[in-house]
Amino acid sequence: MSLLSGQRAWLLQRVTAVYAGLYVFLAVAWLLARPPADHAAWHGLVTQPVVWLATALFLLLLLLHAWIGLRDVVLDYLRPASLRLTVLVLAGGGFLLLALWGFWILIEAALR
C-alpha cells in the first residue's frame, strides 16, 4: 500500500491547498498594505524568520501538492506501465530540481 494512496493523498492535497491559499492571500494583503520600496526592503522582508519559514514551507507544500495532482492524473490516464514510470521519474526529477533551486534561493537570501 502506497503512503499517498486513496484518502491520505486526498487529504494531503486539501491541506496543501489550504496552506497555499492562505499564504498567497496573506502575502498579497501584506504587499498591498506595505509594498517594499526597494531591494533592501524586499530583502529585509524575505529574511525575517517567520516570512522565510512560511515561504520555505509554501515551496515544499506547493511542490508536494503538484506531485500528488500529477501522480493521480498519470496513474489514472496513462496505461502502459513503462510510460507511467517514465513520466513520474521525469516529473519527480523536475520537482526535485525546483525544490533545490527554491531552497537555494531562500538560503542565499538569508545568508546575505
Next on the checklist: I'd like to check the side-chain contact (heavy atoms from CB on, under 4.5 Å) partners of L75; sequence neighbours left out, ordered by chain and number.
Outcome noted: R71, R84, L88
Checklist outcome for this item: Closest heavy-atom pair, P36 versus L45, reported as atoms and distance to 0.1 Å, is CG-CD2, 4.3 Å
Next on the checklist: Let me confirm one number: the CG-CD1 distance from L63 to I68, rounded to the nearest 0.5 Å.
Outcome noted: 11.0 Å
Checklist entry - Can you name the residues that form a side-chain hydrogen bond (donor to acceptor under 3.5 Å, both in side chains) with Y19, not counting sequence neighbours? => result none
Item to check | Flag side-chain contact, heavy atom, 4.5 Å: W67 against L96 | outcome: no
Item to check | Minimum heavy-atom distance between V46 and V51, given as atom pair plus value | outcome: CA-CG1, 4.1 Å
Next on the checklist: Between I105 and W101, is there a side-chain heavy-atom distance shorter than 4.5 Å?
Outcome noted: yes
Item to check | Distance, nearest 0.5 Å, that separates OH of Y77 from CG of L83 | outcome: 15.0 Å
Next on the checklist: Checking R79 now: which residues fulfil salt bridge (charged side-chain N to carboxylate O under 4.0 Å, His left out) with it, not counting sequence neighbours?
Outcome noted: none
Checklist entry - Nearest 0.5 Å, what's the CD-NE2 distance between Q48 and H43? => result 11.5 Å
Next on the checklist: Using every non-hydrogen atom in the two residues, find where L70 and A91 come nearest and quote the distance to one decimal.
Outcome noted: CD2-CB, 3.1 Å
Item to check | Intermediate values then yes/no, side-chain contact (heavy atoms from CB on, under 4.5 Å), L61 and V15 | outcome: CA-CA 9 Å; L61 292 180; V15 169; 5.9 Å; no
Item to check | Residues F58, L22; criterion side-chain contact (heavy atoms from CB on, under 4.5 Å); working and verdict | outcome: CA-CA 10 Å; F58 171 75; L22 285 173; over 6 Å; no
Checklist entry - If you take all heavy atoms of A41 and A37, which pair is closest and at what distance? => result CB-N, 3.8 Å
Checklist entry - Would L64 and L60 satisfy side-chain contact (heavy atoms from CB on, under 4.5 Å), going step by step from the backbone distance to the final call? => result CA-CA 6 Å; L64 179 59; L60 180 68; 5.7 Å; no
Next on the checklist: If you count heavy atoms of other groups shown closer than 6.0 angstrom to CD of Q7, is the number above 12?
Outcome noted: no
Item to check | Steps toward side-chain contact (heavy atoms from CB on, under 4.5 Å) verdict (L62, F95) | outcome: CA-CA 10 Å; L62 182 67; F95 287 144; over 6 Å; no
